[in-house]
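Working notes for the structure below.
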There are 2 protein chains.
Amino acid sequence: MANIRDVARHAGVSVSTVSNVLNGRANQMRQETLERIEQAMKELNYHPNRVAQQLKTGQAKMIGLLVPSIVNPSFAALAREVDLAAKKHQYRVLLGNTYRQEEEERAFLEDMMSHGVRGVIVAASNMEKPYFASAAAQGMIMINYDSRMPGGDVYNAMPFDSVSMDNVEAGRQAAQHLIDRGCRNIVFVTEATPTVSRSHKIGGFLEALRDSGLPCEHRIIEGKALSAYGDTEMSELGRALAGKVLDISPHPDGVVAINDALGIGLLVGLRDANISVPGDISVVGIDNIPLSELINPGLTSVMPPLAKMAELMVDRLLVRIEEPAIAPEEMLFVPTLVSRQSVR
Amino acid sequence: MANIRDVARHAGVSVSTVSNVLNGRANQMRQETLERIEQAMKELNYHPNRVAQQLKTGQAKMIGLLVPSIVNPSFAALAREVDLAAKKHQYRVLLGNTYRQEEEERAFLEDMMSHGVRGVIVAASNMEKPYFASAAAQGMIMINYDSRMPGGDVYNAMPFDSVSMDNVEAGRQAAQHLIDRGCRNIVFVTEATPTVSRSHKIGGFLEALRDSGLPCEHRIIEGKALSAYGDTEMSELGRALAGKVLDISPHPDGVVAINDALGIGLLVGLRDANISVPGDISVVGIDNIPLSELINPGLTSVMPPLAKMAELMVDRLLVRIEEPAIAPEEMLFVPTLVSRQSVR
DNA sequence: TTGAAAGCGTTACCAC
DNA sequence: GTGGTAACGCTTTCAA
């Protein structure tokens, strides 16, 4: 592979001049020189060596994406959007699956450091862990996806931006939709692990019930997923929780699932119990994974504006790499309800 | 961040000595020196700069993974297994989504070159395209996943390894399972684009019918998917093709779908038409995506040994990077049938 | 057993 | 406007 020196020689100029072209400093260059250089690049099929650029500048044109598991459709969708957004800036995405293992998270961050990656999007992990702070101290820029940041003082002490769907609004929309369609006995079904996004969703959900004068007691049905949050496990949980929903008497007429994977499991569990959806019970999910459109009945769901969110995260990351002093912010995105057949 | 010189200084040795430790050449080193160096690394929290190593050695500890879309569950599953396999060798995975755009594929390969990545796993793309050959000529090691390689002379001229499920066997197993369960009027439903893996599956399918003395005429039902092979499109196609299946008279009692996404669509389409699965028609898919376990009825499917395949691909890639002269091979993996509720 | 120094491909500063 | 050259952090050969 040709290098910058070959190009310089071939064009009869110095290395610095070629470098100037490469770095957009060709404005006050003689037109003829520029052309000769560009010509040489073409002829030699020259592509700058990113590794050398990195070594010199300390900047890799890569961002890291840390997710629990790419097999989970929500994170696959996120990965796609992040990839797309990164491409607009000529960045590539380094993927890290952590399976919720602390050791994997730590190793990923360290690897990113040594690979010269300066920015990482961290999806759905608890950023209070010390290695996040320590990576930040070493200059790693991180941005949190999906509101796993603790609130209050601790949050303010954290040097991380946070981007998420407005989970309060999501919970509210889901509940309100059921109320609008005539449901009056509505429950919220969820995995038991407490997170900020979870409590926000529940908050919005209860708010909607309260605003409509519906009872707010014993509305939360929860269960513990078996293993790390694979999608399959989440759906299995949903299937199991269908039983708990039907233990309630009288049967609820509307259910909000904390995410679509769980909602889909719920659909299966209800069908197993010969309950008709939406005939007997209406179900709304939160997430809008591709699958929700495919199954029967299609799962009505509250959808985050993922593409916009990914773009903002990438943009923000790149800005912050240049200007680390910018104060961290929490950015919320308003979701939209996608209506399908699981609600009457 | 501390560098190798800091460590050397701190330990009172030369840079080369530290480098020797880093590269496992510490066997004939004085124990005491080694300890001092290791101590210094700890104290300074030293991590070697991969970028500098790369620049020097031309080897990035990264492999590329080129997939049409990570949102497709089959590729997400592949990505997970590849990530796991790569981790065993301390490699990271650079993800490229191409959405079946030639331009994206070309750009990805070029980027990998300039990032110093020496090995790429190429999933389900036609490797006859000239840029693959050109990347290979520049020293990029590539391995093809899922048998999209052309056969015969052209194949032999290609410097690529190929790893795939034994698609003939997969088609055979699917058909044989239906036959074993008593189906006698069996069809194969597929997307229309011709590929090697497709024709192998069909080949195995027909072979099984022939061996059991069943009719082999007009057994292939096909349709064109709308856009790039998103999973959604594939399922939509399956849903549409349910109609074509039911146009056959008498109705088939068994269907093999070329992949699970299509099979799931088929299930939905059949239900829409008030056909019972498996009561009236049995369905088998090929792929075994996580979703197949979740839906109702669960889709019986032929499963490739993905983890093994990913491990072999990564191992082979790394071997070949060291020893590019090794003759390319085609490696086939025997699939297993996973029985669920979609077959009577 | 350890050290000195060249060089990987690029950038950026300072001369001319 | 263009060129010379010292880094960036590491590996590796050669010498001591």
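Throughout, protein chains are lettered first and strands after them, A, B, ... in sequence-line order, and every chain is numbered starting at 1. For clarity, every value in this text was computed on a predicted model and none was experimentally measured.
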Whole angstroms only, please: what is the [atom1]-[atom2] distance between [X] and [N]?
X	N	atom1	atom2	value
A:Asn23	C:dA12	CG	C1'	9 Å
A:Leu22	C:dT10	CG	C1'	9 Å
B:Ile4	C:dG3	CD1	P	12 Å
A:Gln28	D:dG3	CD	C1'	16 Å
B:Asn27	C:dT2	CG	C1'	14 Å
B:His115	C:dT10	NE2	P	14 Å
A:Arg50	C:dT10	CZ	C1'	12 Å
A:Arg25	C:dC14	CZ	C1'	14 Å

Taking atom types as modelled and ignoring hydrogens, do the side chains of [X] and [Y] form a donor-acceptor contact shorter than 3.5 angstrom?
X	Y	result
B:Ser14	B:Thr17	yes
B:Gln31	B:Glu35	yes
A:Glu105	A:Tyr131	yes

**Item:** DNA chain D-proximal residues of residues 53-63 of chain B, any heavy atom under 4.0 Å
**Value:**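 Listed by number, they are B:Gln53, B:Lys56, B:Thr57.
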Side chain of [X], backbone of [Y]: donor and acceptor closer than 3.5 Å?
X	Y	value
A:Ser114	A:Glu110	yes
A:Asp6	A:Asn3	yes
A:Arg92	B:Leu94	no

**Prompt:** NA contact type, A:Val15, heavy-atom cut-off 4.0 Å: base, sugar-phosphate, or nothing?
**Reply:**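 Answer is base: heavy atoms of A:Val15 come under 4.0 Å of a base.
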Could you please name the option among [options] that lies closest to any side-chain atom of [X]?
X	options	answer
A:Ala52	D:dC10, C:dG9, D:dT2	C:dG9
B:Arg5	C:dG9, C:dG3, D:dG9	D:dG9
A:Ser14	C:dT11, C:dT10, D:dG3	D:dG3

**Request:** Would you please name every residue forming a side-chain contact (heavy atoms from CB on, under 4.5 Å) with A:Asp315, sequence neighbours left out?
**Result:**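 Scan of A:Asp315 (side-chain contact (heavy atoms from CB on, under 4.5 Å), adjacent residues dropped) gives A:His89.
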**Message:** Taking 4.0 Å as the cut-off, does a side-chain nitrogen or oxygen of A:Asn49 come that near to OP1 or OP2 on C:dG9?
**Reply:**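 A:Asn49 to C:dG9 OP1/OP2: no side-chain N or O under 4.0 Å.
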**Prompt:** Does B:Thr17 make a side-chain N or O approach to OP1 or OP2 of C:dG3 shorter than 4.0 Å?
**Reply:**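 Answer yes for this pair, as a side-chain N or O of B:Thr17 is under 4.0 Å from OP1 or OP2.
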**Prompt:** Within a radius of less than 6.0 Å around NZ of A:Lys129, do more than 12 heavy atoms belonging to other residues, nucleotides or ligands occur?
**Reply:**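 Result for NZ/A:Lys129: enclosed.
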**Asked** How about A:Arg25: does its CZ atom have over 12 heavy atoms from other parts shown lying under 6.0 Å from it?
**Response**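 Atom CZ in A:Arg25 is packed in, count exceeds 12.
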**Message:** So if I take residues 30-38 of chain B and measure heavy-atom distances to DNA chain C, which residues fall below 4.0 Å?
**Reply:**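 Residues of residues 30-38 of chain B that come under 4.0 Å of DNA chain C are, in numerical order, B:Arg30, B:Thr33.
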